[in-house]
Amino acid sequence: MGIRLTLNRFQLARYIPGVNVDLIGAEARRCGLITLTSPLIAGGLIFVAAWLAAGSEGTPEMVGSGLVRLVANVLPVTAGLAVVTALARERMIELQLSLPVSFATTLARRAGLVLAAVTAASAVTVAGLMARGQWLHPAHDVTALLVPLGPAIFLAGTGACAVILVRSGAGAAAAVVVAWLMQLAVVDRLAQDWVVNRGLLVVFGAAALALACRMAADGELALKGVQA
């Protein structure tokens, strides 16, 4: 089920009666099938790695810790790049002025759709590794989702801000990779307690997403002022 709103006829500055559009479904289509399924594909590749590792000569501790690292890095980077792909599709923000929602709302919805897909993929992947006895991490309940979701929110926020600032998909993707490397080199070394680490990443990511929405709203207001 999606949210249905009446389309706005911009040149007449009024809404067209009786014409509706499923905005959530439209946003999902604009994100693209590959973008929204990429977290599930990443989770599937982790399961392949788990299956291959089960037949290796490594100890259960080595295999379990290696798979946790895969989950903690592959899914978050996938999330950041997916947000960049979903947002970079809008080449002409001016078209947003003809819609009944702001560009900031569009940004939030697309980022939300990607993060929802990442959450689903994380839940399936973590639960699957737990069921196989290959999840070597202190968290063995719902808090285990923070292992991939903390950095995923951080990199998603970074990607959203980068798209608004550089207006380039390639540049924003590079910013996501740089932010991921900085997380590994700085945040993970300074905050070694995993709860504190993931809490900081969630806060940083949420702040970055809020900043991206604010920048998108400010840019749209400036554009409306120019057209006025």
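Residues Gly159 and Val84 approach most closely at CA-CG2, 3.7 Å, considering heavy atoms. Summarising the geometry of Thr125 relative to Gly43, their closest heavy-atom pair is OG1-CA, 3.5 Å, with the distance given to 0.1 Å. Minimum interatomic distance between Phe47 and Leu129 (heavy atoms only, all atoms of both residues): CE2-N, 4.1 Å. Here the closest heavy-atom approach between residue Thr35 and residue Ala82 is recorded as CG2-O, 3.3 Å. The shortest non-hydrogen separation linking Leu107 to Ala212 is CD1-O, 4.0 Å. Closest approach of Ala152 to Leu115, counting heavy atoms only: O-CD2, 4.2 Å.
Linking Ile, Leu, Val, Met, Phe, Trp and Tyr whenever their side-chain heavy atoms come within less than 4.5 Å leaves Leu190 and Leu184 in two separate clusters. Note on Val177 and Val166: same hydrophobic cluster, where clusters join Ile, Leu, Val, Met, Phe, Trp and Tyr whose side-chain heavy atoms are under 4.5 Å apart, directly or indirectly. Linking ILVMFWY residues whenever their side-chain heavy atoms come closer than 4.5 Å, directly or via other members, leaves Leu70 and Leu155 in distinct clusters. Taking hydrophobic clusters as Ile, Leu, Val, Met, Phe, Trp and Tyr residues chained together by side-chain heavy-atom distances below 4.5 Å, Leu40 does not share a cluster with Leu145. Val74 and Val48 fall into different hydrophobic clusters, where Ile, Leu, Val, Met, Phe, Trp and Tyr residues are linked whenever their side-chain heavy atoms come under 4.5 Å apart, directly or through other members.
Leu201 places none of its side-chain heavy atoms less than 4.5 Å from the side chain of Ile153. Side-chain contact check for Phe154 versus Val202: every heavy-atom pair is 4.5 Å or farther apart. In this structure the side chain of Trp135 never reaches within 4.5 angstrom of the side chain of Leu67, judged on heavy atoms. Between Leu209 and Cys213 there is no side-chain heavy-atom pair separated by less than 4.5 Å.
Note that the OG atom of Ser38 and the CG atom of Leu81 stand 8.5 Å from one another [nearest 0.5 Å]. To the nearest 0.5 Å, the span separating CD1 on Ile34 from CD1 on Ile41 amounts to 5.5 Å. Interatomic distance, CG of Leu36 versus CZ of Arg29, reported as 11.5 Å (0.5 Å rounding). The CG atom of Leu75 sits 8.5 Å away from the CG atom of Leu149 when rounded to the nearest 0.5 Å.
In this structure, the side chain of Thr143 does not engage the main chain of Ala139 through any donor-acceptor pair within 3.5 Å. A donor-acceptor contact shorter than 3.5 Å links the side chain of Ser65 to the backbone of Met62. Remark: the backbone N or O of Ala86 is paired with a side-chain donor or acceptor of Arg110 at under 3.5 angstrom. Side-chain atoms of Asn197 do not come within 3.5 Å of backbone N or O of Gln192 as any donor-acceptor pair. For the pair Gln183 (side chain) and Pro151 (backbone), a donor-acceptor distance under 3.5 Å is absent. Judged by distance alone, the side chain of Arg198 and the main-chain N or O of Val147 form a donor-acceptor pair under 3.5 Å.
Of the options Val114, Val163, Thr106, Ile164, a side chain to side chain contact (heavy atoms under 4.5 Å, CB included) to Leu87 is made by Val163 and by none of the others.
For Trp180, the CH2 atom sits in a loose shell: 12 or fewer heavy atoms of surrounding residues, nucleotides or ligands are nearer than 6.0 Å.
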